[in-house]
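Let me begin by presenting the structure, written as structure tokens, before commenting on it.
Because the structure is a prediction, the values reported are computed rather than measured.
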Amino acid sequence: MMWFPYLYLLLTLIIILFMPKRLTKVEIYVTWFVVALINLSSDLILSFVFHMYELGPKGVQLSVHFIELTLGATHGIIYLNFMPQHFKSYIPYFCAWLFYSVLLEFLLLYFEFLTYSGWHLWYSGIYYAFALLYTRWHLTFIRSEKQG
């Protein structure tokens with residue numbers, strides 16, 4: 001069921017279009033490319049080099065790379081846009097996004113866009129935890145560079 005990630009991408013793009021923007025255009029632009037690059041790099045290494053999972057049909061698919069470059073980036077932008085500033089408020093937000101990210105991957109498995117061959121869902125939970133923390137740091141870094 002290759003339609004699921006594309007439908008989901010459309011939904012996230014609509015959310016970004018209509019959400020109240022707390023991020024600047026530069027923050028959105030930079031975040032899009034940083035998250036897309038990390039996502040694509042991770043998938044290339046884990047899928048093509050270590051054969052831990054397969055995205056989409058076997059082999060290199062342009063449509064799969066399109067999803068790699070867009071879906072994670074849209075989630076990163078939505079995540080950062082609504083992220084609480086105070087760490088105490090951030091903890092439940094982080095936990096909710098971690099759960100959401102693992103659930104989305106579970107759905108990608110269910111709809112057969114993603115097939116494991118050595119990878120486990122809990123590995124993704126660890127990966128997403130680091131990714132969420134990194135993107136929080138990333139936004140702080142961008143904003144601190146604008147100040148100084």
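Within the model, atoms CZ of F106 and CZ of F111 stand 10.0 Å from one another, a figure rounded to the nearest 0.5 Å. Remark: T70 OG1 to H75 NE2 distance equals 10.0 Å, nearest 0.5 Å. Within the model, atoms CE of M52 and OG of S47 stand 10.5 Å from one another, a figure rounded to the nearest 0.5 Å. With values rounded to the nearest 0.5 angstrom, I38 atom CD1 is found 12.0 Å from D43 atom CG. The CD1 atom of I16 sits 7.5 Å away from atom CD1 of I28, with the distance rounded to the nearest 0.5 Å. In this structure, CG on L13 lies 11.5 Å from CZ on F18, to the nearest 0.5 angstrom.
Residues L133 and V34 fall within the same hydrophobic cluster, defined by Ile, Leu, Val, Met, Phe, Trp and Tyr side chains chained together at heavy-atom separations under 4.5 Å. Under the 4.5 Å side-chain heavy-atom criterion for Ile, Leu, Val, Met, Phe, Trp and Tyr, V64 and L10 are members of distinct hydrophobic clusters. Criterion: ILVMFWY side-chain heavy atoms under 4.5 Å apart, direct or through other members. Under it, F130 and Y93 are part of a common hydrophobic cluster. Transitive grouping of hydrophobic side chains (ILVMFWY, heavy atoms separated by less than 4.5 Å) keeps F113 and L62 in distinct clusters. The hydrophobic cluster containing V30 does not contain V35, counting ILVMFWY residues as joined when their side-chain heavy atoms lie under 4.5 angstrom apart, directly or transitively.
Atom OH of Y123 has more than 12 neighbouring heavy atoms from other residues, nucleotides or ligands inside a 6.0 Å radius. Other residues, nucleotides and ligands place more than 12 heavy atoms under 6.0 Å from the OH atom of Y100.
For residues 44-64, every residue pair satisfying the ring-ring contact (aromatic ring centres under 6.0 Å, His included) rule, not counting sequence neighbours, is listed here: Y53-W119. Legend: ring-ring contact (aromatic ring centres under 6.0 Å, His included) pairs involving residues 19-41, not counting sequence neighbours, sorted by first then second residue: Y29-F33.
Put simply, the side chain of S144 gets close to the backbone of F141: a donor and an acceptor are under 3.5 Å apart. Distance alone, capped at 3.5 Å, places no donor-acceptor pair between the S89 side chain and the Q85 backbone. For T135 (side chain) and H138 (main-chain N/O), no donor-acceptor pair under 3.5 Å exists by modelled atom type. The main-chain N or O of L71 is found under 3.5 Å from a side-chain atom of T74 such that the two form a donor-acceptor pair.
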message: Could you go through F94 and W97, starting from their C-alpha distance and side-chain angles, then the distance that decides it, and tell me whether this counts as side-chain contact (heavy atoms from CB on, under 4.5 Å)?
response: CA-CA 5 Å; F94 169 85; W97 268 90; over 6 Å; no
Contacts under 3.5 angstrom, residues 77-84 side chains, donor-acceptor by atom type, not counting sequence neighbours:
unit_1 : atom_1 : unit_2 : atom_2 : d
Y79    : OH     : Y90    : OH     : 2.5
Y79    : OH     : L132   : O      : 3.0
N81    : OD1    : R22    : N      : 2.7
N81    : OD1    : L23    : N      : 3.3
N81    : ND2    : P20    : O      : 2.9

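A 4.5 Å side-chain heavy-atom check between L109 and L121 finds at least one atom pair inside the cut-off. When side chains are defined from C-beta on, L7 does not count as touching L11, because their heavy atoms never get closer than 4.5 Å. Contact of the P5 side chain with the L9 side chain is not registered, since no non-hydrogen atoms from C-beta on lie closer than 4.5 Å. Taking 4.5 Å as the limit, some side-chain heavy atom of E27 sits within range of a side-chain heavy atom of R143.
A pairwise comparison of heavy atoms in Y128 and L98 identifies CB-CD1, 3.7 Å as the closest pair.
Taking the six-membered ring for Trp and the full ring otherwise, the centers of Y8 and F4 sit less than 6.0 Å from each other. The ring of W3 has its center no closer than 6.0 angstrom to the ring center of Y6.
Using modelled atom types and a 3.5 Å distance limit, the side chains of Y116 and E105 yield a donor-acceptor pair.
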